[in-house]
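A short worksheet on the structure shown next.
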Amino acid sequence: MKKIISFVITLALSTSVALQAGAMATKEPCKENRGKVIDKSKYTFYEDFSSTKASQKPATFTFVSEAADTTISVIKDKNEDGEIKNILKVDDKNASGNAIFDIPINQKKGKVLIETKFKYVKTTDDFMSFGFDMMNSNSTLGRVIQWSSGGTMNVYSNAGVNTPITIGAPVSEAWYTLEILLDKDSGTFDVQLSSEALKNQSTTAAIKYDPAGGITMLKGTSVYPEAAGMSVNSLRVQTTSKRGELYFEYFRVIDGAGTLEYKGAKPEPLPLPMGKAPVLNALKGIVNVNFKGEYLFFTYLPYEENNNVFIPVKSIASAYKLSVKTENGVATLGNGAVIDSNSGNLTVNGNVTENAAALRNGVVYVSVIPFAEAMGDKAYYDNEVVITEGE
Amino acid sequence: MKKIISLILTLCMLISCLPVMAAGELSWDMPQGYYLQAIMKLQPVDNYHCYQNSPSFTWPIVYGSTYELVLANNKELTDIAYEVKDIPVNVYTFPHTLEAGRDYYWAVRYKLNGRYSVYTEPRRIYIDEQALEYTVPPISDIGSMLKAHPRFYTEDDFKKMKQIDATTEEYQIFKKMVDAKVNANNHSVSSVGDLTTAAGAMQYIPPASETFMATMFYKITGEEKYKKYAIEGLDLMKDNDPTKFFDFTSLTDTAESIFAYYVALTFDILYDDLTETQKNNTIKLIERNIKRPLEHFAMNGKFERSLYAEPYGSHNWRLNQCTVAALSIYNESEVAKKLVDFHFPIMTSLLYPYGYEDGASGQGPFYGVPIDHINVAKFIHNAGLTNITKKGYLANAVLNFMYLWPSNWVSSIGDAYNTTPQQQYQVKQVLTFLASNDANPEYREFAKWMLQRVNNGSSQYYYTSSNYEYIINNANYDTKANAPVNMANAKYFPDIDWVGMYSDIKDDNRVGMTFKSSWYGSHNHSHPDQNSFVIEAYGKELARDSNYYVAYHDAFDLGYNKKTYAHNAITFDNGSGQPVNALAAKGDVTDFINQSDFKLAAGDAQVAYGTAISKADRKIIYINPETFIVIDDLATAGDKYEFEYWINTPGDISFYENLKGASIVNEHASMEVRAHYPENIKPYYIDIFAGPDLTPVAVPKAAQNSTDKRLYFQTEKVEETKIITTLDVHETNKEARYIKEELFEDYLKLSFEDGSILYVNLNDKETVITNDDIEFSGLAFIYNSESYMLVDGTYAKMDSKTLVTSDVDISIAVGKDEISMSSIQTEANISVYAENKPEKLTKHIDERLYDLAENKTTSGATWNYSDNYLNFNLFPGVYTIYKENKKMGGEERDLVLKVTIDGNTKEIPCKAVYDINGIPTYDFWAGEFKGVYMLNSIKDISAVGAKENSIYAIEKGTLFYINGENPEINLTSAGNVAPEVVIIDEPKDLEPSVDVKLRATDFSAGGKGTTVVWWERIQNNTLQYFDSALNEIEYTFEVAEDGNYDIAMSLSTVDGVTSDKIYILNGEMGIFHVPATPVYSDLQGLRVKCNIPLKAGTNTLRFINTDNNRCIFDWIGLMKSEK
């Protein structure tokens, strides 16, 4: 029955994922990310251009480059819901020049969520190529996505190594939500791209249309070389060398995204399937010593001689939790007992037992039964040496 | 010291490596706009022991520069041994060998606009005395070096083609495929379907590949029809222009390279048969098809963004095949000349970006199969240019298989299809090549042996319809193979930082581990899994990479495969791990010991975890043959985190009552996982593809039948801790061993049943003095009656006797006439207690042996003897040194293998060979005994799946690996008992007579190793599905009365194919034949009149499939025989 149960659990959890994904496709972007609720009061950067005058540029951005015939300015326009709002328009009429601007990311550690909502509008036979890059000042650390001149949108799975996931040509005038969850500790970022427009795209890898949830979602993971000492401190938007228009409804940065609370209860750990621990058994092929219910292990094997069972001093000393020091064939235990392989004497508390010590292959041995008795315990041989607590 | 070195490793390509920059000298700052992780590796790395002479030098590019390379006799670079000026590219291999048996310091500087940079920090290297010779002659005049057409195949090759064994099934299939095209004069065209996808673009290739196949058959058979077809093919595709079919994207960018390659091979072979017009057309055709690769991969001859700047883009290495294409028209085409001149230096000095000299791939063994390089190498050599097959990466390639993907070993690390090499035809292709490659004759023998192993005893190449350029390799070697009897059972790959360590590399039932902590990070097909391992035993995975690779970076790949917790590694803070796809997320193998009793693999993965973690050391002690001890030494950068220790397994997991351990059972292989330290550690269990947050990802089809589960132990929130675990492997039908654990203030003591005792330093105390007279400085000390090992320390004493001292932290194992020492990053002076001066010391690495003369440096080691101590000075690296009494393998021994079947014994003489462990070994291919048996007893034979008192099937390719002096196996044929089978058309007519039965809905007790699929047939009628050979199901019946019983059942054969099944009822075995039913809905009743006496109470019935033919059961029962 176990297999069936496990299957059901998997299905149930999969369903829950689909529902989450469905929520992501609603018109409230970034409501969830990795199952976590984003508290909007935690936005550390929020630019929806509402305080920027028409035909101006937002003061919160750093404009790096603006080629001739390229304009960046705020206009009044409709958003996806048809509301008239301030929208940032990037109009790149220049076939070779670029428009480049940066938004700041100030957090030094932990997880940061960056969100934007944008659309591309095709204006000529050609179209614009644009990209989002992770930046350290003016050094590009890694590309997040790029809309290529070949008519495909690439989401980069590794900055700088050009392993994009191609998700097909974007749709002009369709709004896209881009979310980048940046983990500054591990040097990774996850990309999620949501849009109804992506539903019917011919895709190759991570993006797909889920009929159950009606969702098109892309989730990529990439890396930037944080470990090498370069820290992301801005997100760069840049157009390159083609013609077209870009519209942005907002840019948001949420610091501390990794510390946000889980939506709902954190999952309970799965119950542990239980079994039994291996038990201690007598070892095969040797004379065993059962020390108060526990068999001794031997690095050097016991041997029998003259009806005595000799075992290495260290084995029995360990059982009695006594320290042992060995020098020149003489072992001295923590309780003062001396096992002298030169004389053959075992001395415990001043009592001497003769022929109870030996040296074999450089190891000091002791006759175990006299030793246990000298320690005040009972000891006898019954197919194995048995030592029990003395009275 | 290690941290410093690791820092250097990380930053070496970033920071200038400047000692002191004199006025006016340029620095080695990063080229503008380039990603740190992607630039050319500066190698050989510092303290590199070169087993290739000349080594290949590579360094980061500085655009517009030339370079000067020096090898000096001193670190100050004032005493120059070799100097090369005006090197135009950032790679170089000398055209001559260097003086061997000594060290050099090497450095490079660039010259830009007349100004020099500083030299890179001098790096010390040692040129081994027995290094493989590999040199790259100046290629300033490739045109004059090139042989005339046909240049890619030699006359000898053509001769061998005519000798090819045309009787094999594979050849016939292959020929049939070609004949179908040729006889019908049916030429493929490139214009079918949508070529803009990855799969679609491959449809561009068939016209070229089919033409080439016909050309090959022309040379093999001499029949004109093939030549005619090939030339027609060239004519028909003469105007092919890839720009008209697809854009050059990452999905399509390999198609025209392969196309051009096959056209070029055809053109080359048929050159003299072509008219001038045909030649000119084909030259233009090739030129058109290498043009875009030249523009995009070779950047049209510019270095920016090229392989010289960023060598780690795998697709760009299609330039290797383009180079063959270009060489075919080199003197006729400027485009071709430009491409070859550009690519040849990096091809000959780097060849493969994820490897170097040791034969292995930083992408893992699955992606390390050098399929795209080997034939190209041969063609280039034949054409009169450098013999790249002698380059370390190819010459040592067989080691990649022997130690990282041995036969019957599932490759799961990194992107992989979780297959054994037996299941990958590319492995067979590569081994076929290596078995015929004369670059390294000893390894050629091993390749033959390995090929037999993965090819079910046959040395014949397994044909496929792709990559058949060197099909002739098949026919060209003596099929007798020498087993690697003198190869060690463990190997460290320094270039990729992987380790393989096994009980016996030659035994397909081996127990072993592969471990990685790699410079190549998680880049590309590698995963964020530094310091991770896999463990397999007896052909079963126990700790595996829980990785189901379907598509590169698809949702499952990113959402699960490439999470650190999908690997047997460490995470922190509830599953945080290493970053994905980051060359910068590096690990580093810091220690490796290889001795008969104790082995060690150690890695440092701190860099991979980034800034939150300040220490991530893992050391794995392997007590031969079945026990692993993992010591993780972890610290955060200041914050407190939980750390998690992960094991992923396809087996079943059950936790101990004390919650400090768990048993893993994967059919006949088991492993006990015990967490010995810290005391406060919590166990967790996950049976879906998810991390600690239990958020699953959508599971691809390839993983839907997975039984993968995972456990992890989590520490409390700490700033630093050690995690000490044992992974103790055993056969499932044998009892697990007990491990005694004693926790002292400063150390943990573990005692093992085999007598080994381990002490682990818990608090980083400078000196640990144990209760039982062991004293050591270091991380751990382990000993048994014959051997000891010190881990990462400077001295060890036992019973007042100093065993070993060192001036730097080292690891060392001593015993059984072996001394294995590891000081990978630092030169070491080591003294080892030895009662007597050895008569002889021999260094052993791979198959090489070096006599070490006293006071003379040999292969990096210098020694002398004084006052009962052997004193070594070692160039950084790992060393296995034997004393005179250590016997090497190779001696033959005549043995008799006894195979007893049903009481009749057949004696088979075998010429066994002693291996390095003193065991006589022999591969006996047992196909002559094909059948299904009860295995009664087996001795001195290791055979996959063979366990006593179990069903055992011998197939055509079954191997008996003899590993003892008295090999014998005793079998009883299952087919000896074949009771009458009665068919009852309607199962309902049989059902009333059945005394006890189980319906499919009650089949909850399917036995271990069973493939069971539950599915609804009609309404509530559930059937059980049972289909793979040697799958077993065990049913339990409560029988009411004593008596003799038959087996009864209602079943369908589903596909209308008969099936034979073995039953074992109350210990009695037999076989019964299941007649065919046309479709599954036609259930039929079956009574097997086995007449077996049963006692009242619980009785078990086992079914074992003998074939892959499907059966589904509605019910199964027992009925009195008398009815």
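Order of the sequence lines sets the chain letters (A, B, ...), proteins ahead of strands, with each chain counted from 1.
The contact between B:S663 and chain A is made entirely by side chain atoms (from C-beta outward), counting heavy-atom distances below 4.5 Å. Using a 4.5 Å cut-off between heavy atoms, A:L322 touches chain B through its backbone atoms (N, CA, C, O) alone. Contacts of A:L283 with chain B are made by side-chain atoms alone, with heavy-atom separations under 4.5 Å and no backbone atom involved. When heavy atoms are compared at a cutoff of 4.5 Å, B:K801 does not approach chain A at all. Heavy-atom distances place the backbone of A:V279, and not its side chain, under 4.5 Å from chain B. Interface residue B:E742: only side-chain heavy atoms are found under 4.5 Å from chain A. Contact of B:E657 with chain A is made through backbone and side chain together, with heavy-atom distances under 4.5 Å. In this structure, chain A has no heavy atom under 4.5 Å from any part of B:I613. The part of A:P271 that comes within reach of chain B is its backbone (N, CA, C, O), which places non-hydrogen atoms under 4.5 angstrom from that chain. Heavy-atom distances place the side chain of A:K314, and not its backbone, under 4.5 Å from chain B.
Using a cut-off of 4.0 Å between Lys/Arg side-chain N and Asp/Glu carboxylate O, B:D557 and B:K562 are scored as salt-bridged. Look at B:D754 and B:R737 and you find no salt bridge, because none of the NZ, NE, NH1 or NH2 atoms lies under 4.0 Å from a carboxylate O. No salt bridge links B:E753 with B:K740; every basic N to acidic carboxylate O contact stays at or beyond 4.0 Å.
If you check the side chains of B:H730 and B:E672, you find a donor sitting under 3.5 Å from an acceptor.
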Assess the residue pair B:T571 and B:Y712 against the criterion (side-chain contact (heavy atoms from CB on, under 4.5 Å)); give the C-alpha distance rounded to whole Å, side-chain angles, the decisive distance to 0.1 Å, and a yes or no. CA-CA 10 Å; B:T571 62; B:Y712 66 97; over 6 Å; no
Decide ring-ring contact (aromatic ring centres under 6.0 Å, His included) for B:F572 and B:Y641; before the verdict, give the C-alpha distance in whole Å, the side-chain angles of both, and the deciding distance to 0.1 Å. CA-CA 6 Å; B:F572 65 100; B:Y641 292 121; 5.1 Å; yes
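Interface summary for chain A: among B:Y783, B:F689, B:Y656, B:F752, the most heavy-atom pairs under 4.5 angstrom belong to B:Y656.
Looking only at distances, a side-chain donor or acceptor of B:T564 sits under 3.5 Å from a matching main-chain atom of B:Q578.
Between A:Y300 and A:Y365, a ring centre-to-centre spacing not shorter than 6.0 Å is recorded.
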